[in-house]
Amino acid sequence: MSSPLSPLRDYGSGAGDRHAATPHAYDVGLLLLRIAVGLIMAAHGAQKLFGWFGGGGLDATGQFFAASGYPSGKAMAVVAGLSETLGGLGLVLGLLTPLAGAAVVGTMVNALAVKWGGGFFAPDGVEYELLLTAGAAALALTGPGRYAVDRLLPVLRAHRLVYGVAALVLAVVVAVVFLLLRN
């Protein structure tokens with residue numbers, strides 16, 4: 001017989017394990033992650049699109065994209081702003097979560113490429129962008145949990161890993177295409 005702290009014991013998965021997390025605990029954790037990543041990304045998008053929260057709006061953001069080597073800086077600002085705003089709001093609501101997460105990941109891959117070389121830690125590093133990218137990718141892969149609009153959509157009611165993987169592959173392919181457009 002193994003001891004209570006035996007490495008052979010299956011912690012947290014037994015139906016009678018009183019210390020195991022409940023499905024609601026996972027769903028609340030996913031909800032918190034969705035709200036945090038989603039609101040941060042939606043706010044960043046609103047900075048680009050509308051100049052809210054101290055952002056530059058489309059003109060200043062377009063100039064930044066042009067200076068970063070992207071053609072048609074203002075059009076790229078619109079694409080990034082919409083991806084961040086709609087992807088972020090989709091995450092908050094748990095609406096089309098794999099695609100919402102992918103929109104954030106695709107945008108953040110480009111942000112990582114632009115900031116790469118400044119080290120890991122802020123203010124010039126990429127730690128913040130990496131964290132947002134990982135959070136959005138995790139949500140695309142896991143799904144939104146039960147407290148989400150996706151639960152009302154027959155196709156997405158039961159999240160499948162393949163949906164998240166397909167969405168992330170699409171995000172990386174589109175991000176690479178945008179990176180190839182850079183000078």
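Given the structure is predicted, the values throughout are model-derived calculations rather than measurements.
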dist Leu112:CG -> Leu132:CG (nearest 0.5 Å) comes out at 9.5 Å
According to a 4.5 Å side-chain heavy-atom criterion applied to Ile, Leu, Val, Met, Phe, Trp and Tyr, with indirect links allowed, do Val174 and Leu181 form part of one hydrophobic cluster? yes
Do Thr61 and Leu49 make a side-chain contact, defined as non-hydrogen atoms from C-beta onward lying under 4.5 Å apart? no
Quick check against the 3.5 Å criterion: does Arg34 have a side-chain atom that pairs as donor or acceptor with the backbone of Pro144? yes
Under 3.5 Å donor-acceptor pairs involving side-chain atoms of residues 113-122, not counting sequence neighbours:
unit_1, atom_1, unit_2, atom_2, d
Lys115, NZ, Gly125, O, 2.9
Lys115, NZ, Glu129, OE2, 3.2

Expected list for residues 36-46: side-chain donor-acceptor pairs under 3.5 angstrom, two or more places apart:
unit_1, atom_1, unit_2, atom_2, d
His44, ND1, Gln47, OE1, 3.3
His44, NE2, Tyr128, OH, 3.1

Among the clusters formed by ILVMFWY side chains lying less than 4.5 Å apart, do Val173 and Leu179 turn up in the same one? yes
Can you check whether Gly145's main-chain N or O pairs, donor with acceptor, with Asp27's side chain at less than 3.5 Å? no
Taking atom CG of Leu99 and atom CG of Leu86, what is their separation to the nearest 0.5 Å? 12.0 Å
If you define the side chain from C-beta out and look only at heavy atoms, does anything of Leu96 sit under 4.5 Å from Leu153? yes
Please check if the side chain of Arg146 supplies one atom and the backbone of Val28 the other of a donor-acceptor pair under 3.5 Å. no
Any idea which heavy atoms bring Val104 and Ala136 closest together, and the distance? CG1-CB, 3.5 Å
Co-membership, hydrophobic cluster, residues Val105 and Val177, 4.5 Å side-chain: no
Shared hydrophobic cluster for Leu91 and Val149 (ILVMFWY, side-chain gaps under 4.5 Å): no
Distance col, row Ile35:CD1 vs Leu30:CG, nearest 0.5 angstrom, shows 11.0 Å
If you look at every heavy atom in Gly143 and Thr97, which pair is closest and at what distance? C-CG2, 4.3 Å
Looking only at heavy atoms, the pair that brings Ala140 and Pro98 closest together is CB-O, 3.9 Å
Exercise answer: donor-acceptor pairs, residues 67-82 side-chain atoms, under 3.5 Å, sequence neighbours excluded:
unit_1, atom_1, unit_2, atom_2, d
Ser68, OG, Phe64, O, 2.9
Tyr70, OH, Asn110, OD1, 2.7
Lys74, NZ, Asp59, OD1, 3.1

Non-hydrogen side-chain atoms of Val155 and Tyr163 separated by less than 4.5 Å: yes
Considering all heavy atoms of both residues, which atom of Ala103 and which atom of Gly87 are nearest to each other, and what is their separation? CB-CA, 4.1 Å
Shared hydrophobic cluster, Leu161 / Leu168 (ILVMFWY, side-chain heavy atoms < 4.5 Å): yes
